[in-house]
Amino acid sequence: QDKKNSKALFFYMNSNMDELLKKTGISMVLPSYKIQEKLGNKLHLSQICEKLNIVSNKSLTFKKVPEEIHKTFLQCQNILGLPFVVQGALGASGGDTFLVKAEKEFNKAVMKIDAEFKATKFLKNNIPLSVHICVLDDQIIIHGPFLQLMGLPELSSNPFQFGGNDTNQSLLTQDFFKQVRDMTLKIAKYVKAEEFRGIFGIDYLWDQDTNIVY
């Protein structure tokens, strides 16, 4: 194999894959994994939003599976209420996202993720959205927001799993478009300043009860 001219491209990455690439000497057609992890890790998301004065949904982050799982469940219940959502730090298109209604479900979700995770307040009445961004040296390209298709049994086995986008979003007004795109541009500029170049996506939740976009 020609390692010098070979390039790797992945839809999903983790630290083990990064180490294997380094050992084989093959470079990526992507920003470094260090930058990917820093920007893509959901445990860092609240900090990024706080820096940019963007509202984020109430959440708790945990760097590892806690020894006292019962105590952690009670902490989440007291702060977030029931049910709440548990999600792996790096995400897997919704495949590692679980709705927790009781302690037994919390234990199962945490052990299945078996790594750092985030617990978030459950928004019962929401519309999921996504925006696609391309960051280049001389410009930032934004497409969307688009309505997300989520949890359709014909397309996914998990109620939180991404099933595609609906581009015929007639219920979104121009004012709403501007609101979401303004938030997206703030994040895209931050990402660019962190030396990220390439394509990434941002997911939003539009809470129908409060009309807040998280």
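In this chain, residues are counted from 1 in sequence order. What you are looking at is a predicted structure, and each value in this text was computed from that prediction instead of being measured.
By the neighbour-count criterion of 12 heavy atoms within 6.0 Å, atom CG of L82 is densely surrounded, having more than that number from other residues, nucleotides or ligands. Counting heavy atoms of neighbouring residues, nucleotides and ligands inside a 6.0 Å radius, atom CD of E195 does not exceed 12 of them. Annotation for K121: atom NZ does not count as buried by contact number, only 12 or fewer foreign heavy atoms lying within 6.0 Å. Around atom CD of E50, no more than 12 heavy atoms belonging to other residues, nucleotides or ligands sit under 6.0 Å away. Other residues, nucleotides and ligands contribute more than 12 heavy atoms inside 6.0 Å of the NE2 atom of H132.
Here L147 contributes atom CG and L149 contributes atom CG; the two are 8.0 Å apart, rounded to the nearest 0.5 Å. Considering CZ of R197 and CG of D137, their distance stands at 5.0 Å, rounded to 0.5 Å. With values rounded to the nearest 0.5 angstrom, L74 atom CG is found 10.5 Å from E68 atom CD. Separation of atoms CZ (F62) and CD1 (I69) is listed at 11.0 Å; rounding is to 0.5 Å. With rounding to the nearest 0.5 angstrom, the OH atom of Y33 is 14.5 Å from the NZ atom of K38. One distance of note links CZ of F117 with NZ of K42; it measures 15.0 Å at 0.5 Å rounding.
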Report task. Please report the C-alpha distance between Q148 and D203 in whole Å, then the side-chain angles of each, then the deciding distance to 0.1 Å, and finally whether the side chain to side chain donor-acceptor pair (under 3.5 Å) criterion is met. Result -> CA-CA 9 Å; Q148 277 193 356; D203 295 336; 2.8 Å; yes

Report task. Assess whether side chain to side chain contact (heavy atoms under 4.5 Å, CB included) is satisfied between M111 and V65, documenting all intermediate values. Result -> CA-CA 7 Å; M111 298 313 294; V65 177; 4.0 Å; yes

Query raised in the report: Is there a side chain to side chain contact (heavy atoms under 4.5 Å, CB included) between L21 and M17 once you walk through the steps?
Result: CA-CA 6 Å; L21 279 178; M17 294 165 71; 5.9 Å; no

**Report entry** Audit row: T97, V85, side chain to side chain contact (heavy atoms under 4.5 Å, CB included) steps and yes/no
**Finding:** CA-CA 7 Å; T97 304; V85 175; 3.5 Å; yes

Requested in this report: Determine, stepwise, if the pair V131 / Y204 fulfils side chain to side chain contact (heavy atoms under 4.5 Å, CB included).
Outcome: CA-CA 8 Å; V131 180; Y204 294 97; 3.7 Å; yes

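Side chain of R181 to backbone of P145: no donor-acceptor contact under 3.5 angstrom is found. The backbone N or O of F106 lies less than 3.5 Å from no partner atom in the side chain of K101, so there is not a single donor-acceptor pair. For Q36 (side chain) and P31 (main-chain N/O), a donor-acceptor pair under 3.5 Å exists by modelled atom type. Judged by distance alone, with hydrogens and angles left aside, the side-chain atoms of E37 form no donor-acceptor pair with the main-chain N or O of K34 at under 3.5 Å.
Just one residue in the list N125, N211, N126 forms a side-chain hydrogen bond (donor to acceptor under 3.5 Å, both in side chains) with W206, and that residue is N211. Results of the side-chain contact (heavy atoms from CB on, under 4.5 Å) test with I202 over L129, V191, I187 single out I187 as the only residue that passes.
When hydrophobic residues (I, L, V, M, F, W, Y) are linked wherever their side-chain heavy atoms come within less than 4.5 Å, the members clustered with I141 are L136.
Checked by atom type, the side-chain pair S27/K7 shows a donor-acceptor distance below 3.5 Å.
Taking 4.5 Å as the limit, every side-chain heavy atom of P83 sits out of range of all side-chain heavy atoms of V100.
Salt bridge annotation for D18-K22: present, with a cationic side-chain nitrogen under 4.0 angstrom from a carboxylate oxygen.
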